[in-house]
S.K.: 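Dropping the structure in here first, questions after.
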2 protein chains.
Amino acid sequence: MIEKVIKALKNSGYRITPIRRALFEILITSKKPISVDGLIRSLAKKGMKPNKTTIYRELASLKTGGFIKEVQFKSDCRMYEITSLGHHHHLVCTKCNTIEDVRMENDMKQYEKKIYKKMAFKIFEHSLEFFGLCRKCQ
Amino acid sequence: MIEKVIKALKNSGYRITPIRRALFEILITSKKPISVDGLIRSLAKKGMKPNKTTIYRELASLKTGGFIKEVQFKSDCRMYEITSLGHHHHLVCTKCNTIEDVRMENDMKQYEKKIYKKMAFKIFEHSLEFFGLCRKCQ
DNA sequence: CTAAATGCAAACATTTTGCATCAGA
DNA sequence: TCTGATGCAAAATGTTTGCATTTAG
């Protein structure tokens, strides 16, 4: 998994620096959106203390390259997830703040078609987040 | 419409100041989410030049009171809309940045039930935004 | 009259920019 | 070697706080 991403990065002209490799290890194993501070904490656990600026620049670059996706829940800070996890939605627990992914089979396709017919708005992308209580917090 | 809201505000103990009244006039006629800067621009057109702090405090207070709702699209700044418009979703044009509202009949209820069965996650709220091109920009 | 609303300055948090140095390929 | 990556300081942006003054009811 990680080596596949590394290869794709190389093909896109990115250099494989220790920080960048570590970032992807974190994003891949995290499996859920993670904030800049979360990334920096995870990097610290790996013994790396990169500058915040580096992380911001890195995330901007990887976003442009299509390797990561930015998501935003309510007023909270921006979070990032790796795109290779595929399209999905988020379950945000309003008590413990954990985030779970959820995949819906036929997704929103029929809704999007309906909307196009009704409003002539051509949809390319959507974001759907659910807020509530996770199993533990109920 | 505006007088109905004013009455509700009074009942909740809010004072009806010129700024507050103007804010609601703007939120009601706008019919779509509007940013702090947008609000300040609209107020300026009405000849009012309130401090930004006032607007932030006002929005925080009205949000707590349940009169307005905060929405956030991608990396863009926070936007606000009046809650009395009812639950709906947004169509965000990625070219001209205009926002349209869209209402979906049976909404997401069946999805939310499915998710509860599958993941034991109890949903209270959701936010759904579509990104694409509006009629004019296609 | 009195608590709520406002303005102003300053603090705070997050993100971005400029520039010099470093290092992957 | 040479350009992309990094660190550091400073700036820019968006939002909040403390405190004195004003004002709606």
Side-chain angles (χ1 to χ4, degrees), chain A residues 2-3 5-27 33-41 43-44 46-65 67-80, chain B residues 2-3 5-27 33-41 43-44 46-65 67-80:
Chain A
I2 179 76
E3 291 311 324
V5 177
I6 295 296
K7 204 170 181 178
L9 282 168
K10 276 185 185 165
N11 286 341
S12 298
Y14 287 86
R15 288 182 183 170
I16 309 307
T17 66
I19 293 179
R20 186 164 285 155
R21 175 179 282 272
L23 265 180
F24 273 98
E25 284 169 5
I26 292 163
L27 287 168
I34 184 166
S35 67
V36 168
D37 281 348
L39 285 169
I40 287 179
R41 268 195 299 277
L43 287 166
K46 286 175 178 280
M48 309 180 88
K49 299 237 173 288
N51 197 278
K52 262 195 182 181
T53 302
T54 303
I55 305 303
Y56 279 111
R57 256 188 305 230
E58 187 61 22
L59 293 172
S61 160
L62 295 172
K63 196 170 77 166
T64 304
F67 288 90
I68 61 170
K69 191 178 176 332
E70 187 181 299
V71 291
Q72 203 156 14
F73 308 114
K74 300 276 155 163
S75 307
D76 300 312
C77 62
R78 303 178 194 175
M79 310 195 94
Y80 300 85
Chain B
I2 178 77
E3 291 312 324
V5 177
I6 294 296
K7 203 170 180 180
L9 283 168
K10 277 185 184 165
N11 286 340
S12 297
Y14 288 86
R15 289 182 183 174
I16 309 307
T17 65
I19 292 179
R20 186 164 285 155
R21 176 180 280 273
L23 265 180
F24 274 97
E25 284 169 5
I26 292 162
L27 287 167
I34 183 167
S35 68
V36 168
D37 281 348
L39 285 169
I40 287 179
R41 268 194 300 276
L43 286 166
K46 286 175 177 281
M48 309 180 86
K49 300 236 172 286
N51 198 279
K52 261 195 182 180
T53 301
T54 303
I55 304 303
Y56 279 112
R57 254 188 306 229
E58 187 61 23
L59 292 172
S61 160
L62 294 172
K63 197 170 76 167
T64 304
F67 288 91
I68 61 170
K69 191 178 178 329
E70 186 180 299
V71 291
Q72 203 155 15
F73 308 115
K74 299 275 154 164
S75 308
D76 299 312
C77 62
R78 302 179 194 174
M79 310 194 94
Y80 300 87

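Worth knowing before you read on, the calculation uses all heavy atoms, side chains too, and leaves out hydrogens, waters and symmetry mates. Numbered from 1 within each chain, the chains take letters A, B, ... in sequence-line order.
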S.K.: If the condition is salt bridge (charged side-chain N to carboxylate O under 4.0 Å, His left out), which residues does A:K46 pass it with, not counting sequence neighbours?
M.R.: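 With neighbours one apart ignored, the set is A:E25.
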S.K.: For B:K69, which residues count as a side-chain hydrogen bond (donor to acceptor under 3.5 Å, both in side chains) partner, sequence neighbours excluded?
M.R.: none
S.K.: When rounded to the nearest 0.5 angstrom, what is the spacing between CD1 in B:I26 and CG in B:L23?
M.R.: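 If we round to the nearest 0.5 Å, B:I26:CD1 and B:L23:CG are 6.0 Å apart.
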S.K.: Send over the distance from A:Q72 CD to D:dG14 P, rounded to a whole Å.
M.R.: 13 Å
S.K.: Measuring only between side-chain heavy atoms, which start at C-beta, is A:Y80 closer than 4.5 Å to A:R78?
M.R.: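 Side chain of A:Y80 against side chain of A:R78, heavy atoms only: contact under 4.5 Å found.
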S.K.: Holding to side-chain hydrogen bond (donor to acceptor under 3.5 Å, both in side chains), I want the full list of residues that pass it with B:K63, two or more places apart in sequence or in another chain.
M.R.: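 B:K63 satisfies side-chain hydrogen bond (donor to acceptor under 3.5 Å, both in side chains) with B:E70 only.
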S.K.: Give each protein N/O atom lying under 3.5 Å from an N/O atom of nucleotides 18-20 of chain D, with the pair distance.
M.R.:
| residue | atom | partner | partner atom | Å |
| --- | --- | --- | --- | --- |
| D:dG18 | O6 | B:R57 | NH1 | 3.3 |

S.K.: Mind calculating the distance between CE (B:M48) and P (D:dT23) to the nearest angstrom?
M.R.: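 That distance rounds to 12 Å.
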S.K.: Evaluate the side-chain proximity of B:L43 to B:K49: yes if any heavy-atom separation is below 4.5 Å, no if none is.
M.R.: no
S.K.: How close or far is atom P of D:dA10 from atom NZ of A:K52, stated in whole angstroms?
M.R.: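 After rounding, the gap between these two atoms is 18 Å.
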S.K.: Check step by step if side chain to side chain contact (heavy atoms under 4.5 Å, CB included) holds for A:L59 and A:L39.
M.R.: CA-CA 10 Å; A:L59 293 172; A:L39 285 169; 3.9 Å; yes
S.K.: Please give, in whole Å, the distance from D:dT6 C1' to A:I40 CD1?
M.R.: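 Checked: the CD1 to C1' distance equals 13 Å.
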S.K.: Rounding to a whole Å, what distance do you find between B:K63:NZ and D:dT16:P?
M.R.: 8 Å
S.K.: To the nearest Å, how far apart are B:R78 CZ and D:dT16 C1'?
M.R.: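 So the two atoms are 10 Å apart, to the nearest Å.
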S.K.: D:dC8, OP1 or OP2 - any side-chain N/O from A:N51 closer than 4.0 Å?
M.R.: yes
S.K.: Mind checking side chain to side chain contact (heavy atoms under 4.5 Å, CB included) for B:I40 and listing every partner two or more places apart, or none if nothing turns up?
M.R.: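 Expected list: B:V36, B:K52, B:I55.
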S.K.: A:E58 CD to D:dG4 P: how many Å, rounded?
M.R.: 14 Å
S.K.: Determine to 10° how strongly the helix from C:dC1-D:dG25 to C:dA25-D:dT1 is bent, judged from the axes of its five-pair ends.
M.R.: 40°
S.K.: For D:dT16 and B:Y56 - does any side-chain N or O of the residue sit under 4.0 Å from the phosphate oxygens OP1/OP2?
M.R.: no
S.K.: Going by heavy atoms closer than 4.0 Å, what residues in residues 9-18 of chain A are next to DNA chain C?
M.R.: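 The answer is A:R15, A:I16.
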S.K.: Sequence neighbours left out, what passes side-chain hydrogen bond (donor to acceptor under 3.5 Å, both in side chains) with A:R21? Give chain and number order.
M.R.: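 In terms of side-chain hydrogen bond (donor to acceptor under 3.5 Å, both in side chains), with neighbours along the sequence ignored, A:R21 is linked to A:E3.
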S.K.: Nearest whole angstrom, please: distance from the P of D:dG14 to the CD of B:E70.
M.R.: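 Checked: the CD to P distance equals 14 Å.
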S.K.: Donor-acceptor pairs under 3.5 Å, side chain of residues 10-19 of chain A to any protein atom, not counting sequence neighbours: which ones?
M.R.:
| residue | atom | partner | partner atom | Å |
| --- | --- | --- | --- | --- |
| A:S12 | OG | A:A8 | O | 3.2 |
| A:Y14 | OH | A:S61 | O | 2.8 |
| A:T17 | OG1 | A:R20 | N | 3.2 |

S.K.: Quick one: are A:L62 and A:L9 in side-chain contact, heavy atoms under 4.5 Å?
M.R.: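 A:L62 vs A:L9: side chains touch.
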